[in-house]
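Below: one structure, written as structure tokens.
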Amino acid sequence: MTGTMTSERAPEGLDTEAVVIRVRGLTSGFGDINVLENLDLDAYRGEILGVVGASGTGKTVLLRTVLGLIPKRAGTIEIFNVDRAKADLAQREAIDRRLGVLFQQGALFSSLNVLQNVQVPMREHLRLPQSLMDELALLKIELVGLSADAAIKFPSELSGGMIKRAGLARALALDPDILFLDEPTSGLDPISAAEFDDLIRTLSDTLGLTVFMVTHDLDSLHTICDRIAVLADKHVLIEGAFSDMLEFEHPWVRAYFRGTRARGING
Ligand SMILES: Nc1ncnc2c1ncn2[C@@H]1O[C@H](COP(=O)(O)OP(=O)(O)OP(=O)(O)O)[C@@H](O)[C@H]1O
Ligand SMILES: [Mg+2]
């Protein structure tokens, strides 16, 4: 079942044009240990890909390696058909500008208010007058469902859900084509998590974003993900639709997708 393309959004056969992230034979790790070995994974344009796996299996390492923040030990990673390892600085910067990231640990700057946080990538990559940056940042803040009041608040003054939204606004600052989310709904109550899921789905649909989402949240996987990739034993064990997960025979996949927590979803 590995490598099957069951989502309606995924193309028939291998349409390389539609693959926006192509990972082949990836090995990544620290010291004597490889966290990921010989891992293959594709993400298709416009899809929401859910990446799931037990805690410590290397989901965050995978996301950070794809982003070039952790050096890979072997394999290739192509984003928009460009291999970062073979690209020059200008090409790498051009790609990085098209990627938005919401890290697992929120990572807002505590000394900056929300508006200023959202402007950090703009300052890094664009040369714009302050008034224009203010306007653009306010648009992003509105887009993620925060009020203008929230724009002048500091991270310590925000709820967990507001922090997630502010982080999302910052990830969207440069109008990315691919959005990387690491556990975006962790720590949110089920209603806030569902609202956040709706927001991601709407953004993906309206902006045509590809979303690479690491998540533990079965509801998110079921409700908004077009395809799911399961990480286990250092590689992607299976890629497919939610229904494929229910049929796959592997102890962890079975326990996760057909265990007690999954009952409400599977009926
Ligand atoms: N900077 C680092 N140095 C050394 N080891 C690391 C580093 N970052 C991660 N690891 C190790 O890599 C493995 C995978 O970690 P990772 O954070 O990717 O797990 P995860 O699947 O994201 O887990 P969780 O679901 O809890 O977030 C773990 O054993 C972790 O200890
Ligand atoms: Mg993680």
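Both counts, for ligands and for their atoms, begin at 1 and track the order of listing. Being a predicted model, the structure only gives us computed values, none of them experimental. All heavy atoms count here, side chains included; hydrogens, waters and symmetry mates do not.
Considering backbone and side-chain atoms alike, F30 places every N or O at 3.5 Å or more from each N or O of ligand 1.
Partner of R24 under the side-chain hydrogen bond (donor to acceptor under 3.5 Å, both in side chains) criterion, out of T76, D42, D40, N38: D42 alone.
At the shortest separation from atom 22 (O) of ligand 1 among protein heavy atoms lies T60 OG1, 2.8 Å. Among all non-hydrogen protein atoms, the one lying nearest atom 15 (O) of ligand 1 is V61 CG2, 3.9 Å.
Below 4.0 Å from some heavy atom of G58 lie the following atoms of ligand 1, by number and element: 14 (C), 16 (P), 18 (O), 19 (O), 20 (P), 21 (O). Taking every non-hydrogen atom of H216 and a distance limit under 4.0 Å, the qualifying atoms of ligand 1 come out as 25 (O). Of all atoms in ligand 1, numbered sequentially from 1 with element shown, those under 4.0 Å from a heavy atom of Q104 are 27 (O).
When the heavy-atom distances from atom 19 (O) of ligand 1 to S55, G56, S186 are ranked, the shortest goes to G56.
Looking at V35 against ligand 1, only its side chain comes within 4.0 Å, counting heavy atoms.
Counting protein heavy atoms under 4.0 angstrom from atom 30 (C) of ligand 1 gives zero. Using a 4.0 Å threshold on non-hydrogen atoms, atom 25 (O) of ligand 1 counts as touching the protein.
L102 is connected to L207 through a chain of hydrophobic side-chain contacts under 4.5 Å among Ile, Leu, Val, Met, Phe, Trp and Tyr, so both are in one cluster.
Crowding of L89 atom CG: a count of heavy atoms from other residues, nucleotides or ligands under 6.0 Å exceeding 12.
Among the backbone and side-chain atoms of S55, none of the N, O or S atoms lies under 2.8 Å from the Mg ion (ligand 2).
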